[in-house]
Each structure stands twice: as C-alpha cells, then as structure tokens.
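Remember, it's a predicted structure, so these values are computed and weren't measured experimentally.
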Amino acid sequence: MDRQIVGYLRVSTERQGASGLGLEAQRGAVESYAQSIGAMVRQWYTEVETGKLAARPELEMALAHARRNKAVLCVAKLDRLSRNVAFLAKVMDSGVDFTACDNPAANRLTLHILAAVAEAEAKAISERTKAALAAAKVRGTLLGSARPGHWDGHEEARRHGSKKGAATSAKVRAQAAREVYKDLLPMMTGARAEGQSLYKIAERLNSEGHTTRRGRPWGPSQVARVLHRLLTNDQSGPR
C-alpha cells in the first residue's frame with residue numbers, strides 16, 4: 001500500500017483564506033515533501049482560524065481521517081498546527097502520526113521543545129507590543145481607529161467590522177463557557193429528564209461544591225440559562 005498523507009493547511013484570516021495567500025505555499029511544501037518520500041496526499045483539509053483557538057473542526061476531521069486510514073497528518077510548518085504547547089500535546093496524543101515539512105526529522109521531544117520556544121516567542125512579541133502601545137498612549141498618541149480621519153469614507157467597513165468583531169467575540173465566549181460547564185451537562189440534563197426541578201438541580205450542584213464560573217452559587221435561573229446555552233449554543237448564561 002502506498003504511504004498516505006493527509007494535508008492540513010491553515011491561515012489566520014478570512015481574507016487570506018479567500019485570496020489563497022499562504023495556502024498555495026503550504027500546499028506546495030506538503031506536496032514536495034510527499035513526493036520526496038514517495039507518498040500520496042489523499043485528502044486536504046483547510047482551516048481559516050486563529051492559532052489561539054483550540055476549536056478547529058477541519059483539524060478534527062483531518063485527524064479522524066488520518067487515524068482511520070493510518071495516514072500521516074502533514075503540515076507545512078509546525079506553527080500551522082499551533083504555537084500552544086498544550087494544544088500540540090493533545091494532537092500528539094491523538095494516536096495520529098504527523099510531520100512538519102520544515103523539520104521532518106524532528107522526534108516527539110524535539111516537537112515539544114520547538115512548540116515551547118514558539119509559544120514563548122509569541123508571548124514575548126505580544127508583551128513587547130502591549131508595552132509599546134501603552135507607552136504611546138501615555139505620550140498622547142492616538143492609535144488605530146482613534147486616529148483623526150481614520151474612518152473617513154469607510155463608515156460601512158467600520159459597521160461591518162464592528163458586527164464581525166462582536167460575532168467572533170460571542171463565538172469565543174460561547175466556546176469557553178461550554179468548556180467550563182460540559183462536565184456538568186450529563187448530570188443536569190439527566191436530572192431534568194427525570195423531572196427534577198431547576199431548584200433541585202441547583203441545590204444538588206451547590207451541595208456537591210460546584211459554583212458558576214464566577215464562583216457564585218447556583219440558583220434555578222442559572223441552571224435554566226446554562227442548560228439553554230449548552231443545548232442550543234446560545235451565548236448567554238451564568239457568570
């Protein structure tokens with residue numbers, strides 16, 4: 001049987017995804033690597049998502065495909081998977097072999113070290129940027145969209161960007177909330193199915209030492225909101 005590869009491509013913005021910017025180079029790197037080892041790329045999965053988010057449906061499908069077909073998950077560069085060590089470890093523990101074209105000889109330990117270095121570098125860049133912006137604000141410098149005339153002639157783009165930002169923020173908050181409460185969902189839905197009242201469920205949560213993500217005790221309204229959110233993907237819920 002031919003050696004099989006599942007290619008995973010990722011860009012961080014919708015604009016890059018639509019234009020193909022970055023994707024073409026990644027695809028070329030994976031194809032060159034596959035050719036060099038006599039393998040065939042059986043399927044491609046493309047993600048348009050920031051590396052900071054752990055929820056990546058295309059990556060999940062790529063991992064499932066590779067696991068099912070005993071194929072190798074291949075990325076052009078290690079940072080296309082993630083700069084986050086914990087996330088990379090999750091992928092490495094998935095039972096799927098994977099390789100990065102920029103360092104195909106790296107072993108598991110090397111990949112952990114490289115990921116740790118990349119994560120530290122990304123954090124350092126972020127901290128330097130924040131410090132520089134804070135210093136500029138102290139000097140009275142107007143930044144970004146606060147600059148005079150920045151939005152002149154681009155009011156529609158501003159409104160669109162505001163709506164898009166709000167939607168993205170809501171998506172991130174909803175995902176974070178689902179992660180916080182997902183261990184409680186089986187008990188809550190099971191108790192509700194048995195006819196238990198919201199008050200009884202809240203009482204049980206409190207007696208078992210559970211709190212809301214803000215450390216507050218549970219009440220019937222909090223139980224109702226979290227059940228509604230987790231079962232309907234709504235973004236509201238107990239704080």
**Student:** Do Val226 and Met188 have side chains that get closer than 4.5 Å, going by heavy atoms?
**Tutor:**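 Of all side-chain heavy-atom pairs linking Met188 with Val226, at least one is under 4.5 Å.
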**Student:** Apply side-chain contact (heavy atoms from CB on, under 4.5 Å) to Met187 and Arg204, showing your working.
**Tutor:** CA-CA 10 Å; Met187 182 277 284; Arg204 177 177 172 181; 3.4 Å; yes
**Student:** Please identify each residue that fulfils side-chain contact (heavy atoms from CB on, under 4.5 Å) with Thr211, with sequence neighbours left out.
**Tutor:**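 Thr211 satisfies side-chain contact (heavy atoms from CB on, under 4.5 Å) with no other residue.
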**Student:** So, for Ala76 and Val30, which heavy atoms are closest and what is the spacing to 0.1 Å?
**Tutor:**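 For Ala76 versus Val30, the nearest heavy atoms are N-CG2, 3.9 Å.
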**Student:** Enter the distance from Ile5:CD1 to Ile37:CD1 here, rounded to the nearest 0.5 Å.
**Tutor:**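 If I round to the nearest 0.5 Å, the distance is 4.0 Å.
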**Student:** Does Val96 form a side-chain contact (heavy atoms from CB on, under 4.5 Å) with Val6? I'd like the steps, not just the answer.
**Tutor:** CA-CA 11 Å; Val96 172; Val6 171; over 6 Å; no
**Student:** With rounding to the nearest 0.5 angstrom, report the CD to CD distance, Glu203 to Gln196.
**Tutor:**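 It is 10.0 Å, given to the nearest 0.5 Å.
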**Student:** Test Arg192 against Leu198 for side-chain contact (heavy atoms from CB on, under 4.5 Å), laying out the working first.
**Tutor:** CA-CA 8 Å; Arg192 196 66 175 144; Leu198 297 174; 3.9 Å; yes
**Student:** Do NZ/NE/NH1/NH2 and the carboxylate oxygens of Lys130 and Glu127 come within less than 4.0 Å?
**Tutor:**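 Answer for the salt bridge query: no.
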**Student:** Quick one: SG on Cys74 to CD on Gln4, what's the gap to the nearest 0.5 Å?
**Tutor:**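 It comes to 13.5 Å.
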**Student:** How would you list, by chain and number, every residue that makes a salt bridge (Lys or Arg N to Asp or Glu O under 4.0 Å) with Glu47, sequence neighbours excluded?
**Tutor:**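 For Glu47 there are no salt bridge (Lys or Arg N to Asp or Glu O under 4.0 Å) partners, ignoring immediate neighbours.
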**Student:** Which atom pair, heavy atoms only, marks the closest approach of Gly219 to Ala202?
**Tutor:**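 Heavy atoms only, the tightest pair is C-CB, 3.6 Å.
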**Student:** Taking all atoms of both residues into account, what is the closest heavy-atom pair of Thr189 and Pro186, and its distance?
**Tutor:**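 Looking at all heavy atoms of both residues, the closest pair is OG1-O, 3.2 Å.
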**Student:** Quick one: CG on Asn206 to OG1 on Thr212, what's the gap to the nearest 0.5 Å?
**Tutor:**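 Between atom CG of Asn206 and atom OG1 of Thr212 there are 9.5 Å.
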**Student:** Please find the pair of heavy atoms, one from Leu63 and one from Ser94, that lie closest to each other, and give the distance.
**Tutor:**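 Answer, listing the atom of Leu63 first, then Ser94: CD2-OG, 3.7 Å.
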**Student:** Would Trp218 and Leu185 show up in the same hydrophobic cluster when neighbours are defined by side-chain heavy atoms closer than 4.5 Å?
**Tutor:**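 Yes.
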**Student:** Can you tell me how far apart CE (Met61) and OH (Tyr8) are? Round to the nearest 0.5 Å.
**Tutor:**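 These two atoms lie 10.0 Å from each other.
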**Student:** Enumerate the salt bridge (Lys or Arg N to Asp or Glu O under 4.0 Å) contacts for residues 27-37, please, sequence neighbours excluded, ordered by first and then second residue.
**Tutor:**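 Output for this query lists Arg27-Glu31.
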**Student:** Using 0.5 Å steps for rounding, measure from the CG atom of Leu59 to the CZ atom of Arg10.
**Tutor:**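 Answer rounded to 0.5 Å: 9.5 Å.
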**Student:** Contact between Leu78 and Asn103 at the side-chain level, heavy atoms closer than 4.5 Å - yes or no?
**Tutor:**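 The answer is no, as the side chains (C-beta and beyond) never meet within the 4.5 Å cut-off.
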**Student:** Any side-chain to backbone donor/acceptor pair from Gln35 onto Ser32? Under 3.5 Å, distance only.
**Tutor:**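 No; zero donor-acceptor contacts below 3.5 Å.
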**Student:** Apply the test side-chain contact (heavy atoms from CB on, under 4.5 Å) to residues Leu184 and His210: give CA-CA distance (whole Å), side-chain angles for both, the deciding distance (0.1 Å), then the verdict.
**Tutor:** CA-CA 9 Å; Leu184 299 178; His210 298 293; 3.6 Å; yes
